[in-house]
Amino acid sequence: MLNIITHNKNKYEELRRIVPSLQMVDMEYPEIQADTLEEVIEFALNYLAEKIDGNFIIDDSGLFIHDLNDFPGVYSAYVFKTIGNEGILKLMDGMENRGATFKTVIGLRYQGYNFKFVGLCHGRIGDEMRGNNGFGYDPIFIPEGEDRTFAEMSTEEKNRISHRGRAIRKLAAFLEKMGEL
Ligand code: IMP
């Protein structure tokens, strides 16, 4: 059995489609201010390992907008809470290059060791919000090769191409190798 420590039911839903045995544990942990998602994950894995037994995972994700010097990046949660999708669209008003990358780092604590699985999804920021599915920045993110935003896709469709889908499939391959899946 594997626990995911998160408050975010949407993340859990996406992840358990690929690792059905995953259990959600709603528990607080510190997300440090750091330059990379990997550092945030490393600190949180070590913090949580002191508090809980057994194997578990955590997910830290961010949206990196290329012509905004990768903003909001590691500040994605704070920026979403403060200015939201409307704020991002306003900030990008008139910008032609709208390229952006979503990144997920899944941290795994397994038998006392830390592992990280990274998934990227390239795409662009749309001109308006579209769609009601998903969460967070999904209504403004259009993955490469698509005309629809993530929020206009089903969970299965998003998972097939998303940052989180890619990261969790790497984790699933690892767990399979270890005979855990
Ligand atoms: P965190 O991983 O919970 O710290 O996420 C950072 C911010 O990015 C939050 O505001 C999330 O809502 C948002 N976010 C994380 N993953 C996704 C996603 O798959 N789609 C859209 N927004 C996301």
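The structure displayed is predicted, hence computed values, not measured ones. Only heavy atoms go into these numbers, but all of them, side chains included; no hydrogens, no water, no symmetry mates. Throughout, residue positions are numbered sequentially from 1 according to the sequence presented.
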Shortest non-hydrogen separation from E39 to A34 and the atoms involved: CB-CB, 3.7 Å
Note: N133 and S154 closest approach over all heavy atoms is ND2-N, 4.3 Å
Among residues two or more places apart or on two chains, list those pairs meeting side-chain hydrogen bond (donor to acceptor under 3.5 Å, both in side chains) that have a residue in residues 25-34. H7-D26, H7-E28
Chi angles and distances behind the side chain to side chain contact (heavy atoms under 4.5 Å, CB included) call for F56, I4: CA-CA 6 Å; F56 63 87; I4 169 146; over 6 Å; no
Would you say the side chain of I65 lies within less than 4.5 Å of the side chain of I88, judging by non-hydrogen atoms? yes
Residues in ring-ring contact (aromatic ring centres under 6.0 Å, His included) with Y137, at least two apart? F80
Between atom CG of L63 and atom OH of Y75, what is the distance when rounded to the nearest 0.5 Å? 15.0 Å
Look at the side-chain heavy atoms of Ile, Leu, Val, Met, Phe, Trp and Tyr, link any pair under 4.5 Å apart, and say whether I18 and F115 land in one connected group. yes
Indicate if I168 and I58 have the same hydrophobic cluster label, given that clusters are the connected sets of ILVMFWY residues with side-chain heavy-atom separations under 4.5 angstrom. no
side-chain hydrogen bond (donor to acceptor under 3.5 Å, both in side chains) partners for T82, two or more places apart: none
Any pair counted as salt bridge (Lys or Arg N to Asp or Glu O under 4.0 Å), so long as it reaches residues 138-148, sequence neighbours left out: D138-K158, E146-R148, R148-E157
Single-linkage hydrophobic cluster, 4.5 Å side-chain cutoff, I83 and V74 together: yes
Applying side chain to side chain contact (heavy atoms under 4.5 Å, CB included) to T149 and I140, what does each step give before you reach the verdict? CA-CA 6 Å; T149 67; I140 60 167; over 6 Å; no
Side-chain donor/acceptor of R169 to backbone N/O of N159, under 3.5 Å: yes
Nearest 0.5 Å, please: how far is CG in L89 from CD1 in I125? 8.0 Å
Would you check if the side chain of D60 reaches a backbone N or O of V105 as a donor-acceptor pair within less than 3.5 Å? no
Taking atom CZ of F141 and atom NE2 of H163, what is their separation to the nearest 0.5 Å? 7.5 Å
Do R166 and L120 come close enough that some side-chain heavy atom pair is under 4.5 Å? no
Hydrophobic cluster of I142, others only, ordered by chain and residue number, side-chain cut-off 4.5 Å: none
Close side-chain approach of D67 and M95, heavy atoms under 4.5 Å: yes
Is S162 close to F102 at the side-chain level, that is, under 4.5 Å between some pair of heavy atoms? no
Working to the nearest 0.5 angstrom, can you tell me the gap between L2 CG and L181 CG? 8.0 Å
When you group the ILVMFWY residues by side-chain heavy-atom contacts below 4.5 Å and let the links chain together, are L37 and Y78 in the same group? no
Do T104 and I106 pass the side chain to side chain contact (heavy atoms under 4.5 Å, CB included) test, and can you show the C-alpha distance, the side-chain angles, and the key distance before you say yes or no? CA-CA 6 Å; T104 287; I106 292 178; 3.8 Å; yes
Find the distance between CG (L171) and CD (E180) and round it off to the nearest 0.5 Å. 10.5 Å
Taking side chain as C-beta onward, heavy atoms only, is H122 less than 4.5 Å from P143? no
Restricting to side-chain hydrogen bond (donor to acceptor under 3.5 Å, both in side chains), what partner residues turn up for S76, sequence neighbours left out? none
By side-chain hydrogen bond (donor to acceptor under 3.5 Å, both in side chains), N10 pairs with (sequence neighbours left out) none
Give the table of side-chain donor-acceptor pairs shorter than 3.5 Å for residues 44-52, with sequence neighbours excluded, one pair per line with atom names and distance.
residue, atom, partner, partner atom, Å
N46, OD1, N114, ND2, 2.9
N46, ND2, E42, O, 3.3

From I5 atom CD1 to I57 atom CD1, the distance as rounded to the nearest 0.5 Å: 9.0 Å
Please tell me whether F135 and Y12 are part of a single hydrophobic cluster in this structure, the criterion being side-chain heavy atoms less than 4.5 Å apart. no
Would you sort out whether M153 and I161 count as a side chain to side chain contact (heavy atoms under 4.5 Å, CB included), showing the intermediate values? CA-CA 11 Å; M153 298 179 187; I161 52 176; 4.1 Å; yes
Give a yes or no on whether a salt bridge exists between E14 and R17, defined as a side-chain N under 4.0 angstrom from a carboxylate O. no
Given side chains that start at C-beta, do those of V118 and K103 come closer than 4.5 Å, heavy atoms only? yes
Give me each pair satisfying salt bridge (Lys or Arg N to Asp or Glu O under 4.0 Å) with a member in residues 83-102, each pair once, sequence neighbours excluded. R98-D127
Can you name the residues that form a side-chain hydrogen bond (donor to acceptor under 3.5 Å, both in side chains) with D59, not counting sequence neighbours? K11, S61, R164
Is the closest side-chain heavy-atom distance between P139 and F150 below 4.5 Å? no
Shared-cluster residues of M1, by chain and number - hydrophobic side chains joined below 4.5 Å: none
Sequence neighbours excluded, which residues qualify as ring-ring contact (aromatic ring centres under 6.0 Å, His included) partners of Y110? F174
